[in-house]
Number of protein chains: 2
Amino acid sequence: MKISVLGEGTRCRLCHDCTARGFAICAALDKTELRELAQLSRHVRFESGATVFAQANIATSSFSVHAGTLRLYKLLPDSRRQIVGFALPGDFLGLPGLPRHEFSADAIGRVTLCQFSKESFATFAENRPQLLRRMIELAGRELARAQEHMVLLGRRSAEEKIASFLIGWRDRLSGIGRGGEIMPLPMKRLDIADHLGLTIETVSRTFSKLERDGVIQTFASGVVLLDTPRAEALSAGIS
Amino acid sequence: MKISVLGEGTRCRLCHDCTARGFAICAALDKTELRELAQLSRHVRFESGATVFAQANIATSSFSVHAGTLRLYKLLPDSRRQIVGFALPGDFLGLPGLPRHEFSADAIGRVTLCQFSKESFATFAENRPQLLRRMIELAGRELARAQEHMVLLGRRSAEEKIASFLIGWRDRLSGIGRGGEIMPLPMKRLDIADHLGLTIETVSRTFSKLERDGVIQTFASGVVLLDTPRAEALSAGIS
DNA sequence: TGATCGGGTTGATCTCAATCAAGGACAACA
DNA sequence: TGTTGTCCTTGATTGAGATCAACCCGATCA
């Protein structure tokens with residue numbers, strides 16, 4: 001299946017001033033290696049809604065997110081959907097060792113990625129323990145996040161789910177230097193619902209309730225946490 | 001916190017005929033390396049119910065499961081519990097890169113493990129890309145399993161959850177050469193409930209329903225799949 | 001022999017979130 | 001300017017699974 005690259009694929013020559021540099025896998029590389037890796041990669045751009053890759057397809061490429069947000073999701077045959085995560089700048093998609101994509105990924109808003117052929121990336125990483133360790137670290141962090149999300153899905157109320165999601169999103173944004181008073185939520189209500197194991201109506205009602213209770217304030221451009229301690233308590237599962 | 005080692009910790013000298021060899025990280029090592037790794041490890045044994053390590057504790061050791069089953073779980077402050085997985089022979093616990101244990105682990109029945117100091121294991125792995133790649137592969141597989149479990153927790157009915165769990169358990173057992181007509185379920189109903197985001201009553205009722213419908217048959221020693229296609233259909237989310 | 005206990009099952013009832021249904025806000029566009 | 005479509009919100013009702021409660025069964029042990 002042809003992936004829908006809308007932008008031009010251009011060889012990346014600008015790794016040294018890439019904004020995602022500090023938190024992506026590239027953080028493990030020195031200048032020379034960086035230049036070498038750039039030779040193997042190309043920058044690709046996807047417009048909002050475009051599918052970067054689809055579940056179960058043979059994974060011939062790996063990606064490092066450069067800018068934008070992606071939703072990563074799995075579908076059941078009857079089209080029930082579970083969003084297993086949102087990818088942000090610095091996230092790596094397409095771990096070596098798994099021949100097929102485990103989930104589908106599509107762009108929420110415009111997204112740019114560094115694309116590598118899995119094969120050449122594997123050759124490049126082959127004898128670079130530093131890079132391999134970095135990948136283990138990223139995979140471990142992702143795994144920890146997945147396990148935390150299992151607790152949310154299996155054992156928490158709608159209100160706790162929303163609060164947890166907001167706190168987690170805030171932390172991820174601040175982790176990539178995008179923290180701020182007003183927190184952008186690029187994904188739609190339906191995406192949030194499919195991420196938290198809720199329906200869109202319950203998500204909407206719960207946002208309304210949190211707003212009524214003075215915990216958050218919603219804007220077209222995002223959400224502000226008014227009562228952070230309360231949100232954090234809900235998120236931690238206290239009360 | 002002192003971990004409760006009930007058995008004697010003995011240096012492992014028998015890696016070459018270890019039963020978990022084929023699917024554990026050691027599969028990536030040659031004879032010499034195996035002997036070298038054995039020098040760094042010791043065999044530890046835990047009796048049923050014993051805690052191998054606890055969530056949030058500093059992780060000074062890594063483990064490779066040699067025999068038995070463990071439940072891996074996270075607790076909320078009010079003692080709600082989510083079992084994030086069950087560990088079987090060959091599973092690796094305590095990835096490098098994460099300073100603390102992300103979950104607690106305790107023995108279901110008697111368990112034996114190879115224990116490594118994280119530090120010495122890291123040194124050993126340092127310049128063995130083969131081993132590092134193997135760990136990425138295992139981490140990736142674990143991540144894929146976690147994501148599959150998110151679909152289960154977020155988007156499936158009780159009956160589908162139980163069927164999925166049984167099919168998944170069967171596949172894992174057969175993956176380590178423990179497949180068979182009657183499938184042992186070492187964990188209790190409460191463990192299954194806390195794994196699937198259900199209550200013990202719903203688990204019990206659903207087992208009864210599946211038995212009434214001729215899909216499974218339960219014994220003290222385990223479960224037999226009578227109508228495998230039906231169970232697989234439920235597990236896949238068809239109907 | 002009976003008491004106790006842990007684990008499991010089953011029934012009655014309740015509740016939280018799903019479902020069904022309607023309408024509002026806003027942008028794109030003819 | 002009205003029309004259409006997307007996204008979101010809110011209300012009414014339903015239902016799957018939680019909760020509450022009772023009981024069963026086999027093991028252990030006095």
Side-chain angles (χ1 to χ4, degrees), chain A residues 47-49 71 76 78-83 106 108-109 152-166 184-213 216-223 234 237 239, chain B residues 47-49 71 76 78-83 106 108-109 152-166 184-213 216-223 234 237 239:
Chain A
E47 298 302 326
S48 193
R71 69 182 147 250
L76 290 175
D78 62 357
S79 90
R80 280 174 286 177
R81 185 177 70 153
Q82 176 66 44
I83 293 184
D106 43 46
I108 298 176
L152 179 149
L153 290 170
R155 287 290 177 238
R156 324 199 65 185
S157 69
E159 196 176 12
E160 291 175 324
K161 284 177 174 182
I162 298 288
S164 256
F165 169 69
L166 292 174
L185 290 181
M187 69 294 288
K188 314 232 169 273
R189 293 287 185 267
L190 184 56
D191 293 327
I192 298 176
D194 284 345
H195 187 41
L196 303 182
L198 298 170
T199 58
I200 185 173
E201 293 95 330
T202 300
V203 171
S204 182
R205 270 187 254 275
T206 308
F207 268 98
S208 298
K209 176 173 191 307
L210 289 173
E211 187 147 29
R212 233 180 302 124
D213 294 352
I216 63 171
Q217 193 167 2
T218 57
F219 298 93
S221 53
V223 171
L234 279 169
S239 95
Chain B
E47 298 302 327
S48 193
R71 70 181 147 251
L76 291 176
D78 62 357
S79 91
R80 280 175 285 178
R81 185 177 71 153
Q82 176 67 43
I83 291 183
D106 43 45
I108 298 176
L152 179 147
L153 289 170
R155 286 292 177 237
R156 324 198 65 183
S157 69
E159 197 177 11
E160 290 174 326
K161 284 177 174 181
I162 297 288
S164 257
F165 168 69
L166 292 174
L185 290 181
M187 68 293 286
K188 315 229 169 277
R189 293 287 185 268
L190 183 57
D191 293 328
I192 299 177
D194 285 345
H195 187 41
L196 304 182
L198 297 171
T199 58
I200 185 172
E201 293 95 331
T202 301
V203 171
S204 183
R205 271 186 255 274
T206 309
F207 268 97
S208 300
K209 176 171 191 310
L210 289 173
E211 188 147 29
R212 233 180 301 124
D213 294 352
I216 63 171
Q217 193 167 1
T218 57
F219 298 93
S221 53
V223 172
L234 279 169
S239 94

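All values below come from the heavy atoms of this structure, side chains included, with hydrogens, waters and symmetry mates left out. Chain identifiers are assigned alphabetically (A, B, ...) following the order of the sequence lines, protein sequences preceding nucleic acid strands; residue numbering begins at 1 within each chain.
Residue A:Ile192 contributes atom CD1, which lies 11 Å from atom C1' of D:dC8 at whole-angstrom precision. Rounding to whole angstrom units, CZ of residue B:Phe219 and P of C:dG7 are separated by 22 Å. Atoms CD (A:Glu211) and C1' (D:dT10) sit 14 Å apart, rounded to a whole Å. Distance CG (B:Asp191) to C1' (C:dG7): 12 Å, rounded to an integer number of Å. The distance between atom CG of B:Leu190 and atom P of D:dA18, rounded to the nearest whole Å, is 12 Å. Between the P atom of C:dA17 and the CG atom of A:Leu196 lies a distance of 12 Å, rounded to the nearest Å. Distance CG (A:Leu185) to C1' (D:dC7): 14 Å, rounded to an integer number of Å. Atom CG in B:Leu152 sits about 12 Å away from atom P in D:dG17, given to the nearest Å.
With A:Asp194 as the partner, the side-chain hydrogen bond (donor to acceptor under 3.5 Å, both in side chains) test is satisfied by one option alone out of A:Arg71, A:Arg80, A:Arg81: A:Arg81.
Remark: the A:Glu159 side chain and the A:Thr206 side chain contain no N/O donor-acceptor pair separated by less than 3.5 Å.
For A:Glu201 against C:dC20, a side-chain N or O and a base N or O form a donor-acceptor pair under 3.5 Å.
The phosphate of D:dT10 (OP1 or OP2) has a side-chain N or O of A:Ser208 nearer than 4.0 angstrom. Between B:Thr202 and the phosphate of D:dG17, there is no side-chain N or O to OP1/OP2 separation shorter than 4.0 Å. Within the structure, every side-chain polar atom (N or O) of B:Arg205 is placed at least 4.0 Å from both OP1 and OP2 of C:dT9.
Closest contact between the side chain of B:Thr199 and the listed nucleotides D:dT19, D:dC7, C:dT19 involves D:dT19. Among D:dT9, D:dG17, C:dG8, the nucleotide with an atom closest to any side-chain atom of B:Ser204 is C:dG8.
How far CD1 of A:Ile83 is from CD1 of A:Ile108: 6.5 Å, rounded to the nearest 0.5 Å. We find the CG-CZ distance between B:Leu166 and B:Phe207 to be 5.0 Å, quoted to the nearest 0.5 Å.
When each of B:Arg156 and A:Val203 is assigned the nucleotide of DNA chain D bearing its nearest heavy atom, the one mapping closer to the 5' terminus is A:Val203.
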Determine whether B:Ile192 and B:Ile162 satisfy the following criterion, side-chain contact (heavy atoms from CB on, under 4.5 Å), listing intermediate values before the conclusion. CA-CA 8 Å; B:Ile192 299 177; B:Ile162 297 288; 4.3 Å; yes
